[in-house]
Amino acid sequence: MLKKRLIGVVTVRQGWAVQSFGYRRYLPLGKPEVVVENLDRWGADEILISCIDRSETGQGPDFKLLERIAALGLSTPVIYAGGVRNGADAVQAVNLGADRIQVDAMLWDLPAELELLSRELGNQALIAHLPVSIRDGALYWRNYRNGEECLLDHAALSRMYLEWVSEVMLTDWVHEGTPGAFDEAIPKLFPLEEKPLLLFGGLSASAQLQRVLSLNNVVAAGVGNFLHYKEHAIQQIKRNLVGVPMRAAHYASEER
Amino acid sequence: MTRRTIGIVDYGVGNHASVLRAFQSLGYRCRVSRDPSVLAECDVLVLPGVGAYPTAMSALTACELVGFLQERARGGQPIIGLCLGMQLLADVSHEHGVTAGLGLIPGEVVPLTTVPWHIGWNTIEVVNGDDLLAPSDQQSVYFNHSYVFRAPEEYQVCVSRLDRSFTVGVRRGKVVGLQFHPEKSQSVGRVMLRNLVEGLTRA
Amino acid sequence: MKYCKLCLQPDTRPNTYFSDDGICPACTYFAALKEVDWLERVDILKDIFAQRTRKPNQHHDCIIGISGGKDSCRQALWVRDFLGVNPLLVCLSYPPEQVTQRGVDNLSNLIELGFDVVVSAPAPKTWRDLKRDGFGEFTNSFRSTELALFSCVPQIALRYNIDLILWGENPALQLGDMRALGRNGYDGNNLRYMNTLMSGKEWMLKRGYTERELIAYTYPGVEEFLEANLNIIYLGWFLGDWSLVNNAMYSCGYGLEIRSDDVSATGDLYGVTALDEDFTPINQMIKYYKFGFGRTTDYVNEEIRLGRISRSDGIELVSKYDHCCSSGYIKNYCDYLGISIEDFWKQVHASVNRELFTIHADGRIERKFSIGVGL
Amino acid sequence: MSPVTSNQQPGESVACKRCLYKTDHPLGLILDEEGICSGCRIHEEKDRLDWQARWKKLESLVAPYRVASGKTYDCIVPVTGANDSYYIVHLVKERLGLNPLLVTYNKYFNTPLGIRNLANLRIQFNCDILIQNVNPSSVKAITRTTLREFGSIYWPCLAGQTVFPVQTAVRYKIPLIIWGAHQGVEQVGMYSHEHEVEMTRRYRKDHDLMGREADDLLSIFDTLSEDDIWQYRYPDDATLDAVGVRGIYLGNYVRWDPKAQHEAMVEKHQYKGARFARTFDTYDHVDCYNFMDLHDHLKMLKHGYSKVTDHACREIRHGRLTSAQAKSLVQQHEHQPLQHVDKFCEWLGVEQRSLEFILNQHRNPNIWKPMGPGQWERTVLPSEECCNVATVKQEIGFTAHANLDNGEQDRYIIIGKGYPT
């Protein structure tokens, strides 16, 4: 049967893999390709490489990083996010080894482009990313570049051409980096019931992950900072995720 | 020790990088090419593929590879189609209108019925007792597609299941098609690719 | 007390049984060596290694227990450069207070000859306390340290997942400790029954040491050996020219540094044994007062068997040096154990074999037996 | 914590306003909006966290690892003849009451003082120790490759000392490894103390080993073989999981202050420090002829700063140096001439000018401008500082008790006696 997915999220800033806290404070981690290679060995179901400063600086996707990662010959599906402005960017990122593309800034700047991306890559390859927070019981969508927020109702959603994407990632940006702080009301408040959701931001403990992954419209959960505090962090989470259909923890044994 | 050579068909669409690295990490010599003479010398041909069916078929035609691939298949050359590459083996596809495929394995490509796409890790069940895929029965592999290859029962080698089962693996002689991404299915995928190449190239 | 007819080995060594015609086991063994087809024996060893397959990510083919002295240097070089296998050398090193500069230099020399070496060194204070208690109880401060020495190699072999240990000489054959005799000449698995190991660590536990202090003094059980299919093989059985002097000559050619004192200080004829510490002369002297033979006898016996000196010349050397041990070494030994010279001699006198020696009022110990003749 | 960070362009290196580090620090450094770096911010936790409570946490963490039967050791403690080893064993044995197996990887660049300190450590704390000596031909073969490929003479030392304890944990089935402070936390505030980060293979490859594990050194163009590097391979995940290996850092549970700790160990357990030409710190690296010499020079070539800057930043953060005093100490020490290159050349079997040729291929172009054959100049010259270095050193009070050669012959020691003194 189809499994729920545990995604290893690698936040990249100025070429460095970093820990991110509430979209505003960062701590240095290391080289993205070494972090990604490690998540591949740990058996993450997918790896999301999220370059958070590409759109702000208008540099487009970090193709060099994708090339360095492809050269590692890893065999875990990779989602690339960061600076994808148009169809050409998306196709080139896929050619360089990304399996799926996630967009955020494009939803504000050029949402119609999603139709072209879908025609090129198929909407199963596309994910929309919405940083959200809850105020007075409602979801607010944040433009991380300028801090602007708008109510995430059907009107706002209709302007995003989400019919061309297969999945939506909701990030509880306020609680990002705070262990166990993800606001579990977020997936329940999202207006499009049947859109498969990926959740991120403050998800750390297995019990909490188990609860959100048991919601039927939630297909994946992303973990970022908390994967870097212990060895075999992915496997430890999987081991404790009882009752969730997920690939079992895998401990590689290199028979040389 | 002569290492097997894998010819990855380059028709300008799809993720060569990952497929190339996967076979290289298994120790195989690889060629990424659209030149029939180069591809003809390879032990196994691989059709990668991410993206839209019509774009892929027009690219194959433009590179004059359609006839070449059909002739090689008739001649018994092992061919492995991955994801979109599998669908290209079919007679026809209904993605974005109707497009003729390579016709190497009977069947047509149609959209998934009950759900719009099949994304993520799912178990496969090997059917018709296929010897090469048997060791991978009941293992989880990575899917990322919204169309499916509906093939006659005798050409199905493995199926997967959402609310009901559908074909995710076809084979006719030495031509094999897999709907999922073994190059992105970690150790399970590596074992499967090795079994396929070794099995298909055994005399 | 009787002497072997051929050499100067008295029958007082534990677990030693002379033949009916009065020949010691070592001479009997040595005599039998003449007919040995050494090439055939080496082939046995080559086959043993040929059948071995390396475990994944394990590039060592066997373990050799070493101290950095004459035997280890020779064995390591022969195993690597003649047999062409890659040994891991394992060394139990004395604590900083006891090891000599020569000892650490010889170990460094062995490493520089290109060997992988794991050095295990037990906790210095526990080591010294056990030596003091061993001296107090058995007039033998080496009982604990020998147990650590013999335990260290199989302990590491089991943990490093290497199932073949190469050891120097078979104490049963070359030194006559019969109970260590294995199934065939080179099988070492009965090593555990050797006199030194028989006492185990029970006496230490009885004196109040706890298990956690005695990890380094725990010889692995038979079950551990069997479960890991761990085997011990004596290289001495394969090396036809194995001898104290020969091994020293091989190793000196590769940089071995030998003792700078002379036989009158240690009873060590050529100064090629006990290179890594200076308490052995004391232990050999005490062995002489307990069993009537010391370090000089060991040398002389070999020289006699090899026909390099006559039995009568041997008698002169033994009577002149077998009891020798410089007062300076005794002083260092007492300082190390934290006992006075008087306590030292009181303890030694209590262990002197009164059948073999008389102790005069002034403390002088005089031999009752005559070397080579006995009582 | 203060709000969003300042927005400097990638590649351009900006200095922290409090300490001397810049954003091109090899471990990564991030400045906040007030221009204060992540290292200084995390250091503030040392004066904010409740260290009594954190010590209790440590006690409960190690409790399940105590071996009641005493049949094996409670934990593994990596040690050397310097680098906080005394204080670590003091905490593990004297304060936590654990029965550790000490382990050390022989770096072969040992000073007599380092040999003495390690021998004295074993006596003072009465611990068993296991010492790994990899055959020197493999070590030199690796050193030639790492020196050529990425300008490091220290890769084997770093790889050996970070993997031998883990291999020993697996072989001896002793799951708990106890390290001192986490270098990433101490230097650049990579983690908060409250993250209680543990040992990972990823951190080792990424930072300790400059992105290259043992197998990454092999190439079909080089003669380095698997037989040379296999002893530096990390145990695989299945083995680590089967034994339950886990490495913790005391620095997450104890307010880490190397200078104070060393002074306590000098007083209580006769640790000995020594003077260095290239730093004012007399404690951290007395066990190695190269760390504060040729290795430090390479650090300057590749990263544009040397170890004295690490020591200076540490002392600024502990409030024992002002920024100006720190800068003047750095300027006085960082370009002092090397004193032990001849030993390294003899050890590796290379000529000095030939070695310099290799080193110069690894100068960081962002930092060193070629001025002609064999001449380079730093692109960014630090501003001149005017503090009186002598008085500063007098005040901060790092003491030395012996020379590196400890009165013996001045040479690398492979295995030493180290007693008495």
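Note that the coordinates shown come from a computational prediction; the quantities given were computed from them, not determined experimentally. Just the heavy atoms: all of them, side chains too, but no hydrogens, waters or symmetry mates, feed the values below.
Note: A/D45 leads A/L121, A/D45, A/D40 in heavy-atom pairs under 4.5 Å with chain B. Ranked by heavy-atom pairs shorter than 4.5 Å toward chain A, the options B/R190, B/R161, B/H145 are led by B/H145. Note on A/A220, A/S166, A/A70: by heavy-atom pairs under 4.5 Å with chain B, the leading option is A/S166. Here A/P77 is the residue among A/P245, A/A248, A/P77 with the most heavy-atom pairs under 4.5 Å with chain B. The candidate with the highest count of non-hydrogen atom pairs below 4.5 Å against chain B, out of A/L74, A/T76, A/N123, A/V219, is A/T76.
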List the atom pairs, donor and acceptor, that lie under 3.5 Å between side-chain atoms in residues 42-61 of chain B and the rest of the protein, sequence neighbours left out.
{"residue": "B/D43", "atom": "OD2", "partner": "B/T5", "partner atom": "N", "Å": "2.7"}
{"residue": "B/Y53", "atom": "OH", "partner": "B/Q87", "partner atom": "O", "Å": "3.1"}
{"residue": "B/S58", "atom": "OG", "partner": "B/P54", "partner atom": "O", "Å": "3.1"}
{"residue": "B/S58", "atom": "OG", "partner": "B/T55", "partner atom": "O", "Å": "2.8"}
{"residue": "B/T61", "atom": "OG1", "partner": "B/M57", "partner atom": "O", "Å": "2.6"}

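Using a 4.5 Å cut-off between heavy atoms, A/D99 contacts chain B through both its backbone and its side chain. If you measure heavy-atom distances from A/A252 to chain B, you find no contacts under 4.5 Å at all. No part of B/H181 comes within reach of chain A, as not one of its non-hydrogen atoms sits under 4.5 angstrom from that chain. Only the backbone of B/S185 comes within less than 4.5 Å of a heavy atom of chain A; no side-chain atom from C-beta onward does. Contacts between A/R100 and chain B at a heavy-atom distance below 4.5 Å involve the side chain alone, from C-beta outward. Only the backbone of A/L96 comes within less than 4.5 Å of a heavy atom of chain B; no side-chain atom from C-beta onward does. Of the two parts of B/I119, the backbone and the side chain both hold a non-hydrogen atom closer than 4.5 Å to a non-hydrogen atom of chain A. For B/E183, the part sitting under 4.5 Å from any heavy atom of chain A is the backbone (N, CA, C, O) and nothing else. With a 4.5 angstrom heavy-atom cutoff, A/P196 touches chain B only via side-chain atoms. For chain B, no part of A/A93 is nearby; none of its heavy atoms comes within less than 4.5 Å.
Nearest heavy-atom pair across A/V78 and A/G97 is CB-O, 4.3 Å. Residues A/L215 and A/P187 approach most closely at CD1-CG, 3.6 Å, considering heavy atoms.
Between the side chain of A/N240 and the backbone N or O of A/Q236 there is at least one donor-acceptor pair closer than 3.5 Å. A distance-only check finds a donor-acceptor pair linking the side chain of A/K3 to the backbone of A/M1 [under 3.5 Å]. Using modelled atom types, one side-chain atom of B/R72 and one backbone atom of B/A40 make a donor-acceptor pair closer than 3.5 Å.
Proximity of the aromatic rings of B/Y142 and B/F180 is defined here by a centroid distance below 6.0 angstrom, and this criterion is not met.
Annotation for A/R85: atom CZ counts as buried by contact number, over 12 foreign heavy atoms lying within 6.0 Å. Residue-environment remark: CD (B/Q138) exceeds the threshold of 12 foreign heavy atoms within 6.0 Å. When the shell of 6.0 Å around CD of B/E64 is examined, it contains 12 or fewer heavy atoms from other residues, nucleotides or ligands.
Inter-residue side-chain proximity for A/L107 and A/L130 is flagged as met; some heavy-atom pair is nearer than 4.5 Å. You'll find the side chain of B/S33 stays beyond 4.5 Å of the side chain of B/D10, heavy atoms only.
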Walk me through it: do B/T201 and B/R4 pass the test side chain to side chain donor-acceptor pair (under 3.5 Å)?
CA-CA 8 Å; B/T201 52; B/R4 299 257 179 268; 2.8 Å; yes
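The stretch residues 94-117 of chain B places B/H96, B/W117 near chain A, each with some heavy atom under 4.5 Å from a heavy atom of that chain.
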